[in-house]
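Reading through the structure tokens given below for one structure.
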2 protein chains.
Amino acid sequence: MAAKITSLQVAQKAGVSQSAVSRVFTPGASVSQKTADKVRAAARELGYRPNVLARAMVKGKSRIIGLVVAYLENFFYPETLELLSNALQEQGYHVLVFMTKQTADNIDDVMEEILDYQVDGIVMASVAMSSDISARCQQAGVPVVLFNRGQDIEGITAVSSDNHAGGRTVAEFLIAGEHQRIAYIAGWEGASTQRDREAGFRAGLAAAGHKLHAYAVGDFNTELARQAARDLFDKPANLRPDAVFVANDHMAFAVMDVLRFELNLQVPEDVSVIGYDDVPPAAWLAYNLTTMRQRANLMVAETVDALMDLISTPDTAMPRRVAIDSPLVVRTSARMPKGWNTKGSTNEGF
Amino acid sequence: MAAKITSLQVAQKAGVSQSAVSRVFTPGASVSQKTADKVRAAARELGYRPNVLARAMVKGKSRIIGLVVAYLENFFYPETLELLSNALQEQGYHVLVFMTKQTADNIDDVMEEILDYQVDGIVMASVAMSSDISARCQQAGVPVVLFNRGQDIEGITAVSSDNHAGGRTVAEFLIAGEHQRIAYIAGWEGASTQRDREAGFRAGLAAAGHKLHAYAVGDFNTELARQAARDLFDKPANLRPDAVFVANDHMAFAVMDVLRFELNLQVPEDVSVIGYDDVPPAAWLAYNLTTMRQRANLMVAETVDALMDLISTPDTAMPRRVAIDSPLVVRTSARMPKGWNTKGSTNEGF
DNA sequence: TTGAAAGCGCTAACAC
DNA sequence: GTGTTAGCGCTTTCAA
């Protein structure tokens, strides 16, 4: 193992000062062409590259973004992570991953750890934020953006889908499909996404003079979702729902499995199923799930944009509350309303 | 935004020297209880925490592990990432993510970037390694472990499943199931996993006096896998395969969709399908895929163990070549051999 | 344009 | 056990 090459060694080899070397590797510093050439030659020969950490120390900027994420089982998050990491890489940043459980003190610990790394910003995905933590980051001068979670804390930037409108659209679609007994399987109550989807859904039903026929909680957990499906559907045909909106796709797949393979129900003939997210398996034909798409690409773009804004102009950047439009992706898991115009909905594509 | 708190400020507040503060936060340093108490009190009051980057500078250890990964669409990788990140967190390390495309020069660039961060180690998942890169890391003194890829480069640590044995097991299972026309849909030829699975599979067939009835390449890509399935199966019943081993689950789902929904074939009555990985959707009942499990938990444990070994004793640690045993998970996508004893296979669980 | 010098926040000898 | 001192590898004044 050879020792690490420092700028000083390059300087000596090139016959210049150490600070000259630094300038050559500092975009926009003033160096003569001649010096630059000499230095680059020496650097190449030695295999020198500037030490990012040392640079971070003196500049007070690490070019690291901390990402806090609770679970990757829901395929929406891997997708997000890939998009986010790529987008950030393009801006010269990198993602340091912190996994956490949802419990509050765990998150507190994780936040402290994150701050220890002097990250330039934090993205919290699928994780709630207390005002304590928010204050802590504020105090440390580290901008935070919430991804796929809304929050009522003042001054915090949050990027999510328009879950309320999304829930409402589902209600409209189901009603247009002439469903009579409409059910809802909820996600985890701690999540704003769950609350907004449900509220929008209920509002949509109410607006058409309908009300929820049945309700169960799945907590964004497949096993609980499965149980919820049994509770709701293991009944005589005239009592059981003829449609169910499941708060995310991850649960919806489990629900469809129970419906078809445990209860011998046809989807959508016996019951229509609608999910939320449009994760990749939703398009797999064995499910072919009608669902609300979360436009991860746009959500990530907004997140990165907000972050860059907050980082470059911490004093003037305004906190944003972004709600990306969420289109309905019509597939075959829900009965198609007669003459449903595809306003705001889509079969595929963006 | 308050300024960042330094150890010096804590020292002043506590009325001790700056190095005393440092000692308090250095496990195993010698400090009196009294000093420690004073310092901790002051630190808490000020909200002080040591700057990890500064510590990294002087110690030459960043406690950051770089993870290079090409894609997260194959659900095997998110699972890995979650496991890896958790395991590393327990050891006081964190994962810095670098996404890359498979192309060689891209990887070169990514490696340089990684090295710039002074990572203590690198995990390359689903990414091949050239001997150039290997040499570069060696020179920089940064240990690398290959995850889910073998490699013939000398002295490099690689952790994967026993893909050869796995492929062989699939052949045995299919033959025991009295299949006559056995096909294979290959993954990307650049991947050792693909090559080993195929070699093992062919060896297993040969050992029983069988040979491959048909072959197509899916490159670990769903669209190509779909096309491969059409090429192989869109023929009269007596010509088409009655079983297919697909090089990973990700492709196997796409293949099953084509079989069932485009070609109207029954699985497993008309054709048995076997995958590799045992990603979560393999257990979803709509697929219920018989597959070889990659024991991600064990693979990750080995990876972390090897890494810690390499980091703590760089001079004496031996490169490892680990091949984790890969059990067959019998579900319903392949015809069950009569009297198949479950030696080495499993229905669920570990 | 360039070099010398002063730190960034911390750890690790080294004396006391 | 504790303070003093010398860096870790870099960027950034400041003079020249």
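Letters A, B, ... are given to chains in the order of the sequence lines, protein chains preceding strands, and every chain is numbered from 1. Note that this is a predicted model, so its numbers are computed, not measured.
In this model, the phosphate group of C:dC10 is not approached by any side-chain N or O of B:Ser22 to a distance below 4.0 Å at OP1 or OP2.
Mapping A:Ser32 and A:Gln18 onto DNA chain C via the closest heavy atom, the residue that lands nearer the 5' end is A:Ser32. Checking B:Lys34 against A:Phe25, the closest nucleotide of DNA chain D that is more toward the 5' end is the one next to B:Lys34.
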So which protein nitrogen or oxygen atoms get under 3.5 Å of nucleotides 13-16 of chain C's nitrogens or oxygens?
unit_1 : atom_1 : unit_2  : atom_2 : d
C:dA13 : N6     : B:Arg23 : NH2    : 3.2

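Looking at B:Met99 and B:Leu72, their side chains come closer than 4.5 Å, going by heavy atoms from C-beta outward. At least one side-chain heavy atom of A:Val16 sits under 4.5 Å from a side-chain heavy atom of A:Val21. For the pair A:Leu307 and A:Gln91, the minimum side-chain heavy-atom distance is 4.5 Å or more.
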Should B:Phe220 and B:Gln194 be marked as a side chain to side chain contact (heavy atoms under 4.5 Å, CB included) after you check the CA-CA gap, both sets of side-chain angles, and the distance that decides it?
-> CA-CA 9 Å; B:Phe220 290 143; B:Gln194 144 58 28; 3.9 Å; yes

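With a cutoff of under 4.0 Å to any heavy atom of chain B, the contacted region of DNA chain D is bounded 5' to 3' by D:dG1 to D:dG9.
Put simply, CD on A:Gln33 is 13 Å from C1' on C:dT1, counting in whole angstrom units. Rounded to whole Å, atom P of C:dC10 lies 11 Å from atom NZ of B:Lys4. One atom, CD1 of B:Ile5, and another, C1' of C:dC10, lie 16 Å apart when rounded to the nearest Å. In this entry the distance linking CD of B:Gln12 with C1' of C:dG9 reads 13 Å, nearest Å. For the pair A:Asp116 CG and C:dC10 P, the interatomic distance rounds to 10 Å; values are reported in whole Å.
With rounding to the nearest 0.5 angstrom, the CG atom of B:Leu96 is 9.5 Å from the OH atom of A:Tyr117.
Of all the residues in residues 48-58 of chain A, A:Met57, A:Val58 reach under 4.0 Å from DNA chain C with at least one non-hydrogen atom.
Taking the ring centre of A:Phe25 as origin, the terminal cationic atom of A:Arg55 falls outside the region bounded by 6.0 Å and 45° from the ring axis.
Checked for salt-bridge contact, A:Arg136 and A:Asp108 miss the test: no charged N lies under 4.0 Å from a carboxylate O.
Although no hydrogens or angles enter the test, the distance criterion places no donor-acceptor pair under 3.5 Å between the side chain of A:Thr35 and the main chain of A:Val31.
Within 4.0 Å (heavy atoms only), B:Val21 reaches no atom of the nucleic acid at all.
Judged purely by distance below 3.5 Å, without hydrogens or angles, the side chains of A:Ser126 and A:Asn148 never pair a donor atom with an acceptor atom. For the 3.5 Å distance criterion, the side chains of B:Gln294 and B:Ser161 qualify, holding a donor opposite an acceptor. Side-chain contact annotation: B:Glu90 with B:Asn86, donor-acceptor N/O pair under 3.5 Å absent.
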